Structures are given as C-alpha cells and as structure tokens.
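Model, not experiment: these values are computed from the prediction. Chain A is the first sequence line, chain B the second, and so forth, proteins listed ahead of strands; every chain is numbered from 1.
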Number of protein chains: 2
Amino acid sequence: MNCPTMPTSVDGSRQKLLASAERLFAERGFSGVSVRDIASGAGVNSALVGYYFGNKLGLLSAVYLRHCKPLNEERLRMLREFSRQPGGATLEQVLEAFLRPALVDAPDHNGRSEFTRLRSIISGENSALLEETIAENFDRPGRTFVDALARCLPHLTREDVLWRFHFLLGSLYHTGAHASRICILSGGQCDPSNAEASLAQLIPFMAAAFRSPQVLTEPADRLSYAAV
Amino acid sequence: MNCPTMPTSVDGSRQKLLASAERLFAERGFSGVSVRDIASGAGVNSALVGYYFGNKLGLLSAVYLRHCKPLNEERLRMLREFSRQPGGATLEQVLEAFLRPALVDAPDHNGRSEFTRLRSIISGENSALLEETIAENFDRPGRTFVDALARCLPHLTREDVLWRFHFLLGSLYHTGAHASRICILSGGQCDPSNAEASLAQLIPFMAAAFRSPQVLTEPADRLSYAAV
DNA sequence: GTCTATATACTGATAGAC
DNA sequence: GTCTATCAGTATATAGAC
C-alpha cells in the first residue's frame, strides 16, 4: 500500500517536525518556543531542523507554505461556486467563502484552524522575513475578495470596503486565536473554538456591518457622537 | 519648579525603563525582547530591572498597571457622561466610550494607542502570569460595557451581545496593532495608525452590526449560505 | 538520514563594590 | 541607586561520526 514513489502520509521526521512546529508556534509564537522544544515534541533529534529546513525561520516558513495554498484555493473555489448562480454570490456567501476555510478543519488538511491561530500570533511579532511569503500568498486572494465584496456593495467606495475588510480580518484573527476572554466573561456560553458557532454569529454580524451606509468624511478631524 | 515630594515627570531610571519596555514589548512581544535590549533602549544599566521590578515579568506587569486604570477610568467616565442624557447613551456613544480611549493618545497619558498595540501582541503569547492582572483590570469594565450594549439592544440575548463584543475586540486589537496589511492592499489609503480615521469607520460599522437581528440557533450544526 | 558533541552567543538574574 | 562582574542556563547552529 505504501507506494515508495509517492509516500502519502509517511510519518517521516520532516513531517513530524512540521506538525510539532505548527502546534507549538500556534501556542507560544515564534520567539516563545525553541527548536529543542519543537524537536522534542516531534520525538526527533534537534539537529534535523537544520538538515531539513536550514534554520528555525525556515521551519516557520515551511509551516506557512504547507497551508497557504490549500487555504486560499479552497476560499477561491467556494467563491467561484457561489458566483456561478444567477445574480452572483450574495454578501453572506462571499463572507462564508472567506471565513469558513480559515476556521473549519478540512477532512484532508487538518490543522486549518490551528494555522489561523498561528497567523494571528505570528502577525504580531516582528516577522519581517515572513513578509514576503505572506504578501505572495495572501495579497492576491485578498484583492479578489475585496473585489467580490465591492460588487455586492455598490453604494460603498473602495476605501470603505477596504476598511471593513480590515475589521473583518481582526474579528477573524481574534476568533481563530481562541481568545479565552469572552469565554470567561460569558461563563463558557460563547466559545470561539467552536467554529460552526463562530461562523453562525460572525457571518450575519459582518453582513449587516458591510451593508451599512457609506461613511461620510467629516471636515472636522475629531468626530464625536456626543452631539446628536 | 520640581517639587521633591511629588516629582511629576522626572526622567528617573525607573520611568525610562517603563517607557523603553512599553515601546519594545509593543514592537516585538515579551519573548522577542531581552532585558538587555530594554535597558539599552532606556540608556540605563540592565541590573536596574531587577532592582526596580524584580524580574522581566514584573516589568511587563508594571507597564500594564500604569495604563490599565487610566484607560478604563476614562472609558467609564465617557460612558457615564453619555448616559446622563435623557434616554441614556446611544449605541454609537457606548461604542465610542469603549473605543476612543483605547486608540487615541490622551494629552496627559501618552502611549495610549501603543498600549493597545502591546495588549494585542501580548494577548497572543502565553501570558498565564498576567492573566490575573488582566482579569482584575478588564473584567469589570468589560461587563459594564456589555451591560450598556445590551441596554441599547433589547432584541438580543446576552449571548448574542457577548459574541458581538468579542468581534468588536478583535477589530479593535487588529486596528491598534497597526496591521500594515490593509495599508499595503489599499496603497496607503487606509491607515489604521490614524486613530480618528479608524474611529470614524469603526463606530458606524460596528453600530450597524450590533443592531442586526438576533442570530437564530440552527438545529443543523453545519449552517451554509449556499442554499438561499 | 540520523545521531553526538560542541562552538558561540545570548538569556535572566544576582552578588557585591561604590 | 547605580555600577561591574559574573553565574548558570539556554539559544541557534553546525561539524563530523555512523
């Protein structure tokens, strides 16, 4: 069954290291974890990190590359599917195509939601060397989704859509990070690690927000809602 | 002018260390920066970190405590002021009272927005020892604001309000982190480091989102917008 | 491919002079 | 309060045996 020319999922040291790194980076960030910890978690020798990935950053980069393509391909596949219907994709569908693949673990590619948590944590750290990888893999799909959102929202300027997309990203990252604050405040009622519950709340919430009228650019630079 | 009994803003080593730590922690996180870097940035000897704060974590804790109280006091002060008018505070006003003090630097307390960026980065890291500090300082104001939001939104369950508050926090943190992704995507049009522009976009966006109808709890555990 | 051993640098923390 | 000096531990990375 194990074809040597195309090993499907042999637990080689390389794969073990990738899995361990993904788990630990998502848990403690890049600087918060050592290559020794990763190797120990994978049950392999720490020198193999150098052999397979060059150095620690190469390992993080490999974790990124393993997930970037499948994630964005599924996003775009869902978007294309939704867009085929007459009238094009609804706003809710565009949002679902963007959010669902990031939060729900696919049956073939596990760790999809863990990868979202990883991105959330790493995005804060000084990841100047990852900047290129991120830009190459997320800029184009990002633009595609901004375009799709703009098509659903002809009353908005592109600047408005971009701001709203930025807020959407924040909510997605915060949800993917499994922030426990809301869990504690709610006494366990709200659990962001429940992907389906998060999507059921996040999609209609964001749809209503995106549909709100265009923001007027105030001449005053200090806008306050004190004076109604 | 310098009264010795109450030195207003003498640049003692302690204050220099706090300022340097705040800047560097906000930039690179807790594990990403060393006490030597912080001391060097402050222009003081690294041994003074132990003298004034005990250890590195004590320094982070001191940075937190310096900002927590003024931040939340201003939030609550604004909320009380808005609530005095007949009919109570509007939804937009509750949101402004929560968001503005976190994003705009007060004239007396500088680094308010930097502190929001700090919290954003640290919240991802394993900060189990800060958990207590955060809970003590943010749980009560958080509950107060959830209550105020719920009063504006009688059509929602408390669980709905909590979910939406969670999404609001995500957008706030992501904006406070000065995420550069949107800046690049927009060609500089959208700049989250511009606090007033962020507030002008974020408040009406979130107000519309909070006002959206209650989320129906679906019997199916996989809700999809494919079938309209 | 996988291991041991190690080079080299940096980490947080502290003892003790001034 | 501030300094120098230094401890013990850990970091990443690599050279070289097998």
All salt bridge (charged side-chain N to carboxylate O under 4.0 Å, His left out) counterparts of [X], not counting sequence neighbours:
X        : answer
B/Asp147 : B/Arg158
B/Arg112 : B/Glu74
B/Asp37  : B/Arg28
A/Asp105 : none

State which residues pass ring pair (Phe, Tyr, Trp, His ring centres under 6.0 Å) with [X]; sequence neighbours excluded, sorted by chain then number.
X        : answer
B/Phe205 : A/Phe167, A/Phe210
B/Phe145 : B/Phe98
A/His166 : B/His174

side-chain N/O A/Ser34 vs D/dT10 OP1/OP2, d < 4.0 Å: no
Letter per nucleotide, 5' to 3', of nucleotides 1-8 of chain D [B base touched, S only sugar-phosphate touched, - untouched; heavy atoms, 4.0 Å]: BBBB-B--
field: Distance-only donor-acceptor check, side chains A/Ser198 and A/Thr175, under 3.5 Å
entry: no
task: Determine the stems involving DNA chain C; a stem requires 3 or more consecutive pairs of the Watson-Crick or G-U wobble kind, each with both distances below 3.5 Å, and the answer is none if no such run exists.
output: C:1-7 with D:12-18, C:9-18 with D:1-10
In whole Å, I'd like the distance from the [atom1] atom of [X] to the [atom2] atom of [N].
X       : N      : atom1 : atom2 : value
A/Asn55 : D/dA15 : CG    : P     : 14 Å
B/Phe53 : C/dA13 : CZ    : C1'   : 15 Å
B/Phe30 : C/dT11 : CZ    : P     : 13 Å
A/Lys56 : C/dC10 : NZ    : P     : 15 Å
B/Leu57 : C/dA13 : CG    : C1'   : 14 Å

statement: Residues of residues 21-29 of chain A with a heavy atom under 4.0 Å from any atom of DNA chain D, listed by number, are none
- line: Closest non-hydrogen contact found for A/Arg117 with A/Gly176 is CB-O, 3.3 Å
Could you pull out all donor-acceptor pairs under 3.5 Å where a side-chain atom in residues 59-69 of chain A meets a protein atom, sequence neighbours excluded?
| from | atom 1 | to | atom 2 | distance (Å) |
| --- | --- | --- | --- | --- |
| A/Arg66 | NH2 | A/Glu22 | OE1 | 2.8 |
| A/His67 | NE2 | A/Glu22 | OE1 | 2.8 |
| A/His67 | NE2 | A/Glu22 | OE2 | 3.0 |

- prompt: Got a sec, which residues hit side chain to side chain donor-acceptor pair (under 3.5 Å) with A/Arg143, two or more places apart in sequence or on another chain?
  reply: none
